[in-house]
Amino acid sequence: MPELPEVETIREFLVEDILGKTIKNIEIKVPKQFVGDPKKIIGQKIVAVNRKGKIISFKLKNNYYLSCHLKLTGQLIFAKKQNLVFKNKIPFNKTKMLPGNTTRIILSFTDNSLLYFNDLRKFGWMKVAKKPELPKGVDVISKDFSVRYLTDVIESAKKPIKLLLMDQDKIAGIGNIYANDALFLARIHPMKKSNSLTNNEVKNLYKKILYVIKEGLKYNGTSDEAYVLPDATIGKYQDHFKVYGREKLPCIRCNTPIKRVKHSGRSYFYCPKCQPIRI
DNA sequence: CGATTCCCCTGATAGC
DNA sequence: TGCTATCAGGGGAATC
């Protein structure tokens with residue numbers, strides 16, 4: 001599921017691929033996934049490729065923005081021309097060519113290159129508006145995300161710390177993978193009440209959050225499901241998971257089997273020995 | 001208001 | 001083999 005490292009990796013690739021290009025046409029195959037007036041983007045040059053949290057926004061020459069959220073299974077894949085055969089299999093698509101069975105929206109540019117928005121589960125969206133769609137929270141890799149800010153947010157919340165880390169209205173960019181892994185490295189139980197963390201725990205957690213996000217970026221994100229880079233290659237952070245996705249596998253630190261519990265419809269992964277609920 | 005559940009969707013998987 | 005029920009999950013809406 002695309003979180004900050006995945007979306008930032010996509011953004012960096014798209015700066016190379018489509019920044020400065022002019023949109024020739026848009027084909028919307030699933031109308032519910034596109035919000036706004038598609039005519040507003042036709043003939044417009046892309047003058048910036050931005051990101052905040054998990055949302056990517058293309059700024060257009062006419063000052064409109066095309067924003068995109070990939071949710072669980074969204075993909076943004078670039079092709080220099082039609083009928084391009086990709087070297088890699090595209091997850092959840094039957095062939096190595098696009099458009100595929102999960103292609104929902106297609107942008108074409110005046111140089112005949114294309115950007116495909118694929119999304120198996122149809123939860124993602126694109127939106128055209130005069131302003132970019134922005135999460136309220138502070139972006140994790142912006143300079144506004146400080147120990148001070150994290151402390152303020154944590155001290156004023158009672159909910160489980162993992163839920164807080166994933167709250168996009170507070171901190172933008174962290175999802176289930178990096179929240180679970182950061183808490184493991186910080187040796188904090190994911191269900192621990194936010195306002196029960198000590199100052200040292202918060203400081204340490206801050207470091208571990210930045211560490212796992214940087215690890216995610218270093219490996220071009222996590223491709224354990226649908227996520228691929230815009231060139232259809234895969235990220236590799238899944239080979240470096242700390243606890244996420246490791247239910248019943250030995251803890252990388254103490255060999256204790258990793259536990260997985262469900263709460264509020266989401267999975268919590270943790271090592272019962274390294275992350276005791278009481279400290 | 002805070003906490004929890006439902007819902008959107010479809011491929012993978014388990015159960016019979 | 002083949003059909004059916006269950007599950008995963010970001011985030012907004014509905015409900016408790």
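The structure displayed is predicted, hence computed values, not measured ones. Every heavy atom of this structure was used, including side-chain atoms; hydrogens, water molecules and symmetry mates were not.
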Determine the contact category for A:L120: base if any of its heavy atoms lies under 4.0 Å from a base atom, sugar-phosphate if only primed atoms, P, OP1 or OP2 are that close, otherwise nothing. sugar-phosphate

Please report, rounded to the nearest Å, how far the P atom of C:dG10 is from the OH atom of A:Y268. 11 Å

By nearest-heavy-atom nucleotide on DNA chain B, the more 5' of A:R266 and A:K158 is A:K158

Same apolar cluster: A:I42 and A:L19, side chain cutoff 4.5 Å: yes

Rounding to a whole Å, what distance do you find between A:I171:CD1 and C:dG11:C1'? 16 Å

Give a yes/no verdict on base stacking between C:dG10 and A:F123: centres under 5.5 Å, planes within less than 30° of parallel. yes

Closest heavy-atom contact between A:M97 and A:N83? CE-CA, 3.5 Å

Nearest-nucleotide 5' precedence on DNA chain B, A:K94 against A:K159: A:K159

Would you kindly give the CD-to-C1' distance between A:Q33 and C:dG11, to the nearest whole Å? 15 Å

If you look at every strand shown and take non-hydrogen atoms under 4.0 Å, does A:D119 touch a base, only sugar-phosphate, or nothing? nothing

Would you kindly check whether a donor in the side chain of A:R121 faces an acceptor in the base of C:dG10, or vice versa, at under 3.5 angstrom? no

A:L70 CG - C:dG10 C1' separation (whole Å): 11 Å

Do any side-chain nitrogens or oxygens of A:Y244 fall under 4.0 Å of OP1 or OP2 in C:dG9? yes

Distance, rounded to the nearest Å, where A:E225 contributes CD and C:dC7 contributes P: 16 Å

So if I take every side-chain heavy atom of A:K262 and compare against C:dG10, C:dA8, B:dT10, which nucleotide ends up nearest? C:dA8

If you check the A:R260 side chain, which of C:dG9, C:dG10, B:dA3 turns out closest? C:dG9

Interatomic distance, A:M191 CE vs B:dT4 P [rounded to whole Å]: 8 Å

Of the nucleotides B:dG11, B:dC8, C:dG9, which one has an atom closest to the side chain of A:K32? B:dC8

